[in-house]
Colleague: 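Structure in structure tokens, see below.
Predicted model only: the values in this text are computed from it and were never measured. So you know, we letter chains A, B, ... as the sequences are listed, proteins then strands, and number each from 1. Values below: all heavy atoms of this structure, side chains included; hydrogens, waters and symmetry mates excluded.
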Amino acid sequence: MDFADWVRSAVAAIPKGSTRSYKYIARAAGSPRAYRAVGNILNKNRDPNVPCHRVIKSDGSLGGYYYGSRAKARKLKEEGYVSR
DNA sequence: CGTATGACGTGCA
DNA sequence: GTGCACGCCATAC
């Protein structure tokens, strides 16, 4: 179980309609300081089983997305998440 | 193996 | 409240 695998599992554990921050995932992965790596891993990770679009910045911003931040906001909206 | 990059976070102006 | 700069970890080249 590598750090990336653990991150993927934590992201996959996010309930539909909910969002978690990169820092939260990093903490769940065992490295609270690895939030940079979390974003990097998800960026290279294209596993459809990992709803990485549910991972946003801790300040409430959507952050980025490999397919485009617009698509990310759109998916979240489809799941019932409303940015405020 | 070493260097550079990146979907971040926090602090200070 | 907004903007700029620094620090950090893991991965990719």
Colleague: Which residue pairs satisfy the side-chain hydrogen bond (donor to acceptor under 3.5 Å, both in side chains) criterion with at least one member in residues 15-24 of chain A, sequence neighbours excluded?
Modeller: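 Applying side-chain hydrogen bond (donor to acceptor under 3.5 Å, both in side chains) to every pair that reaches into residues 15-24 of chain A, excluding sequence neighbours, yields A:Tyr22-A:Lys72.
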Colleague: Give every pair of a protein N or O atom and an N or O atom of nucleotides 11-13 of chain B that lie under 3.5 Å apart, one pair per line with the distance.
Modeller:
none

Colleague: By the salt bridge (charged side-chain N to carboxylate O under 4.0 Å, His left out) test, which pairs, at least two apart or in different chains, include something from residues 3-12 of chain A?
Modeller: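 Every salt bridge (charged side-chain N to carboxylate O under 4.0 Å, His left out) pair that includes a residue of residues 3-12 of chain A, provided the two are not neighbours, is A:Asp5-A:Arg8.
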Colleague: Only counting residues at least two apart or in another chain, list the ones meeting side chain to side chain contact (heavy atoms under 4.5 Å, CB included) with A:Ala28.
Modeller: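 Partners of A:Ala28 by the side chain to side chain contact (heavy atoms under 4.5 Å, CB included) criterion, ordered by chain and then number, come out as A:Ala10.
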Colleague: Check the distance between B:dC8's C1' and A:Lys44's NZ and give it to me in whole angstrom.
Modeller: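 That distance rounds to 14 Å.
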Colleague: Mind jotting down which residue pairs meet the side-chain hydrogen bond (donor to acceptor under 3.5 Å, both in side chains) criterion with at least one end in residues 27-43 of chain A? Sequence neighbours excluded, please.
Modeller: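 For residues 27-43 of chain A, and leaving out neighbouring residues, the side-chain hydrogen bond (donor to acceptor under 3.5 Å, both in side chains) pairs sorted by first residue read A:Asn40-A:Lys44.
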Colleague: Counting just side-chain N and O atoms, does A:Ser58 come under 4.0 Å of either OP1 or OP2 of B:dC8?
Modeller: no
Colleague: With a 3.5 Å cut-off and sequence neighbours excluded, list the donor-acceptor pairs that the side chains of residues 47-66 of chain A form with protein atoms.
Modeller:
| unit_1 | atom_1 | unit_2 | atom_2 | d |
| --- | --- | --- | --- | --- |
| A:Asp47 | OD1 | A:Asn49 | N | 2.8 |
| A:His53 | NE2 | A:Glu79 | OE2 | 3.0 |
| A:Arg54 | NE | A:Glu79 | OE1 | 2.9 |
| A:Arg54 | NH1 | A:Ile14 | O | 2.8 |
| A:Arg54 | NH2 | A:Glu79 | OE2 | 3.2 |
| A:Asp59 | OD1 | A:Ser61 | N | 3.3 |
| A:Asp59 | OD2 | A:Ser61 | OG | 2.9 |

Colleague: Do you know the tightest heavy-atom contact between A:Phe3 and A:Ala34?
Modeller: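 Reported closest heavy-atom pair: CZ-CB, 3.4 Å.
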Colleague: Quick one, which residues of residues 15-42 of chain A touch DNA chain B with a heavy atom under 4.0 Å?
Modeller: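 Contacting residues: A:Tyr22, A:Lys23, A:Tyr35, A:Arg36, A:Ala37, A:Gly39, A:Asn40, A:Leu42.
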Colleague: Counting only heavy atoms and a strict 4.0 angstrom limit, can you tell me which residues of residues 59-71 of chain A come near DNA chain B?
Modeller: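 Within this stretch, A:Gly64, A:Tyr65 sit under 4.0 Å of the strand.
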